[in-house]
Amino acid sequence: MKKIEAIIKPFKLDEVKEALQEIGLQGITVTETRGFGRQKGHTELYRGAEYVVDFLPKVKLELVVQDNLVERTIETIVNSAKTGRIGDGKIFVHPIDDAIRIRTGERGDAAI
């Protein structure tokens with residue numbers, strides 16, 4: 001099993017979610033977050049005063065998938081989240097040792 005974390009632009013969330021559902025993935029955790037990478041934020045003007053917006057709004061998706069679905073999941077996220085502009089996001093893949101469904105006690109692939 002692998003945990004896939006994807007940081008994407010907020011307006012792409014619905015498109016990514018629908019694409020993941022189309023390939024049969026059911027469980028997803030979504031967190032609203034803020035951050036920056038190479039884009040380093042931007043300057044805005046508010047009531048005549050300039051201020052720097054360092055941390056931009058992002059959405060973090062977390063999924064735990066079976067090993068055989070990892071590449072397909074990554075491709076789906078990339079294809080549906082990509083705008084071709086700076087700040088599209090990142091995907092991180094982590095190994096998962098075990099998963100337990102609290103309600104039934106199922107473990108491993110059966111728990112996801």
Begin from the C-alpha positions of Thr29 and Leu63 and carry the test side chain to side chain contact (heavy atoms under 4.5 Å, CB included) through to its verdict. CA-CA 7 Å; Thr29 300; Leu63 306 94; over 6 Å; no

State yes or no: do [X] and [Y] share one hydrophobic cluster built from I, L, V, M, F, W and Y residues joined by side-chain heavy-atom distances below 4.5 Å, directly or via other members?
{"X": "Val70", "Y": "Ile112", "answer": "no"}
{"X": "Val93", "Y": "Ile96", "answer": "no"}
{"X": "Val30", "Y": "Ile7", "answer": "no"}

Does the distance from a Lys or Arg side-chain N to an Asp or Glu carboxylate O, for Glu15 and Lys12, drop under 4.0 Å?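 Salt bridge flag = yes for Lys12 with Glu15.
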
Cationic N near anionic O, under 4.0 Å, Glu5 to Lys3: yes

Donor-acceptor pair, [X] side chain versus [Y] backbone, under 3.5 Å?
{"X": "Arg101", "Y": "Ala110", "value": "yes"}
{"X": "Lys17", "Y": "Ile28", "value": "no"}
{"X": "Asp88", "Y": "Thr83", "value": "yes"}

Heavy atoms only: give me the nearest Met1-Asp67 pair and the separation to one decimal.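 Heavy-atom minimum between the residues: N-OD1, 3.2 Å.
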
Taking all heavy atoms of Leu69 and all of Leu25, pick out the closest pair and write down the distance.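 Closest approach of Leu69 to Leu25: CD1-CD2, 4.0 Å.
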
Distance from [X] atom [atom1] to [Y] atom [atom2], nearest 0.5 Å?
{"X": "Asp14", "Y": "Ser80", "atom1": "CG", "atom2": "OG", "result": "11.0 Å"}
{"X": "Ile74", "Y": "Ile4", "atom1": "CD1", "atom2": "CD1", "result": "5.0 Å"}
{"X": "Thr31", "Y": "Lys58", "atom1": "OG1", "atom2": "NZ", "result": "15.0 Å"}
{"X": "Leu61", "Y": "Ile8", "atom1": "CG", "atom2": "CD1", "result": "4.5 Å"}
{"X": "Phe92", "Y": "Lys60", "atom1": "CZ", "atom2": "NZ", "result": "9.0 Å"}
{"X": "Glu71", "Y": "Thr76", "atom1": "CD", "atom2": "OG1", "result": "10.5 Å"}

Student check: side-chain heavy atoms of [X] and [Y] closer than 4.5 Å:
{"X": "Arg107", "Y": "Asp98", "answer": "yes"}
{"X": "Lys2", "Y": "His94", "answer": "no"}
{"X": "Lys9", "Y": "Arg85", "answer": "yes"}

Between Thr33 and Val59, is the side chain to side chain contact (heavy atoms under 4.5 Å, CB included) condition met? List the steps. CA-CA 6 Å; Thr33 188; Val59 174; over 6 Å; no

